[in-house]
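First the structure, in the form of structure tokens, and then the observations on it.
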Amino acid sequence: MSQPTIDPLLVADAVAGLWQSPPVLPAKWLYDKRGSELFDEITRLPEYYPTRRETEILRRSAQDIVAQTNARTMIELGSGTSEKTRLLLAAFAARKTEFTYVPLDVSVEMLTLAADQVAVEFPEISVQPLHADFGDPDLELAEHPGPRMAIFLGGTIGNLDPTERAGFYRRIARALRPGDYFLLGADLIKDTGRLIAAYNDRAGVTADFNRNVIEVLRTGLDATGLYADDFDHIARWNPPEHRIEMWLRARRDIHARFGAIERSWELAKGAEILTEISTKFSLEKLHEELGTSGLQQLESWTDHADDFAVVLSQVA
């Protein structure tokens, strides 16, 4: 019987984060194949507004984005199911010119599935999936035909803290070339009650989504003594940081062993793991952060309720 393939990125993040106090894991590990499917279900819940608002913006503005960028390559960072991206792909495909789509994700299963679906749906587009981490400091995007447009949708930028965001923007500006474009989707500051409801739905889908990261650890790192049902989902608002935080709280004392890294891990009953932050922004803050990192803001679009923003910038 063959041994499961161990992802060195997961190993690195687990070693760096699980032995912190409190333990922490990057939000990207929520999005394996099962996690991406659960998140797709979350986007259709009545409490979860961001996907509907971003879709509204892209449906209204896709042609404008195509006209402004005239991009020949679109690189999607953290592509997941590539669902909303189809609005942009359809607009680019309508030009009847050569176009390349590069979905980039850490989940091989989800990446392959989504890329295959897009290739069938848009046979006129060259689909070149890239298994990579958008946080990789050596990420290279400029080898694809230009002009290039990197896109980072879904409000995922909010999963990064201020230091991580600054580093991410700089890496994107460096990985592209001057004149290339960056399209960013971000959630805006709003009523706290709506925010908490969006991350703690009554159907419990977000809770299942959050606990799924325990399955990612268990299977990905050959863990024993570690089970998703031993954790409660917690979503809380952090006012000073303008962000929702998702935690997993241990229902019992956890005594786990990670065979892949030959290390034991313990978590006391009631202790918590930070699995995701989701920062909410003002447009002014977004423009400031992008500009500081060498990304010149060109245009911003919001939905009818000013819940969400999509910002187009250009590498200076």
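The aromatic ring centres of Y31 and F209 sit less than 6.0 Å apart. Not less than 6.0 angstrom separates the ring centroid of F152 from the ring centroid of Y169.
Take E289 and apply the salt bridge (charged side-chain N to carboxylate O under 4.0 Å, His left out) test, not counting sequence neighbours, and it matches R165, K285. For D208, the salt bridge (charged side-chain N to carboxylate O under 4.0 Å, His left out) partners at least two apart in sequence or on another chain are R211. Shown here are the salt bridge (charged side-chain N to carboxylate O under 4.0 Å, His left out) partners of R249, two or more places apart in sequence or in another chain: E272. Applying the salt bridge (charged side-chain N to carboxylate O under 4.0 Å, His left out) test to E299 and every residue at least two apart in sequence or in another chain returns nothing.
Counting only residues at least two apart or in different chains, ring-ring contact (aromatic ring centres under 6.0 Å, His included) contacts with residues 213-263 are absent. Among pairs with a residue in residues 55-84, none fulfils ring-ring contact (aromatic ring centres under 6.0 Å, His included), at least two apart in sequence or across chains.
Nearest heavy-atom pair, Y49 versus A198, reported as atom, atom and distance to 0.1 Å: CE2-CB, 4.0 Å.
We find that E56 and R52 are not joined by a salt bridge, their nearest charged nitrogen and carboxylate oxygen being 4.0 Å or further apart. Electrostatic pairing of E215 and R34 does not count as a salt bridge here, judged by no charged N lying under 4.0 Å from a carboxylate O.
The side-chain tip of R148 does not point at the ring of Y181 from less than 6.0 angstrom away and within 45° of straight on.
With Q314 contributing its side chain and G179 its backbone, the two residues share a donor-acceptor pair below 3.5 Å. Not a single donor-acceptor pair under 3.5 Å links the side chain of D105 to the backbone N or O of L111. Of the possible polar contacts, none joining the T302 side chain to the F308 backbone as a donor-acceptor pair under 3.5 Å is found.
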